[in-house]
Amino acid sequence: MSAPDTVSERVRELFRNGLRVDEIDLDTPLLDYGLDSVRSAEIVIELERAFDVEISDEEASGLHTARDVIECVTSKTNQRTGVGA
């Protein structure tokens, strides 16, 4: 499994568990799954811990879909490891 696949699966798992849904469509707005501000903050903290990244409040406010989250986390992990630099 490549790094993006690992990020994708882990992000999907976090959202499935956090939102208590069976599956997450990458392009469906997370608000459509009932994501509220409290749960959003909790999931951001879980993401930061899981991937050892920092996601600012400003960045988090721009993450509307699971795809957005995956791209953000992948970019941050690539920056940290020097991949694509």
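- Smallest separation of non-hydrogen atoms from Asp68 and His64: OD2-N, 2.9 Å.
- Counting non-hydrogen atoms of other residues, nucleotides and ligands closer than 6.0 Å to CG of Asp57 gives a total of 12 or fewer.
- Between Asp32 atom CG and Asp25 atom CG the span is 10.0 Å, to the nearest 0.5 Å.
- Annotation: the span from Ile24 atom CD1 to Leu30 atom CG amounts to 6.5 Å, rounded to 0.5 Å.
- Here the straight-line distance linking atom CZ of Phe15 with atom OG1 of Thr65 works out to 9.0 Å at 0.5 Å rounding.
- In summary, Arg39 and Glu42 engage in a salt bridge, as defined by a charged side-chain N under 4.0 Å from a carboxylate O.
- Leu47 is not listed as a side-chain neighbour of Val53, based on a closest heavy-atom distance of 4.5 Å or more.
- The number of heavy-atom neighbours closer than 6.0 Å to CD of Glu58, taken from other residues, nucleotides and ligands shown, is 12 or below.
- With values rounded to the nearest 0.5 angstrom, Leu26 atom CG is found 4.5 Å from Ile70 atom CD1.
- Across Ser40 and Leu35, no two heavy atoms sit closer than the pair N-CD1, 3.6 Å.
- The CD atom of Glu54 lies 7.5 Å from the NZ atom of Lys76; values are rounded to the nearest 0.5 Å.
- Across every non-hydrogen atom of Ala60 and Val44, the tightest pair is CB-CG2, 4.0 Å.
- Note on Phe51: it does not cluster hydrophobically with Ile45, by side-chain heavy-atom contacts below 4.5 Å among ILVMFWY residues.
- How far OG of Ser37 is from CG of Leu31: 10.0 Å, rounded to the nearest 0.5 Å.
- Using a cutoff of 4.0 Å between basic side-chain nitrogens and carboxylate oxygens, Glu13 and Arg10 are scored as salt-bridged.
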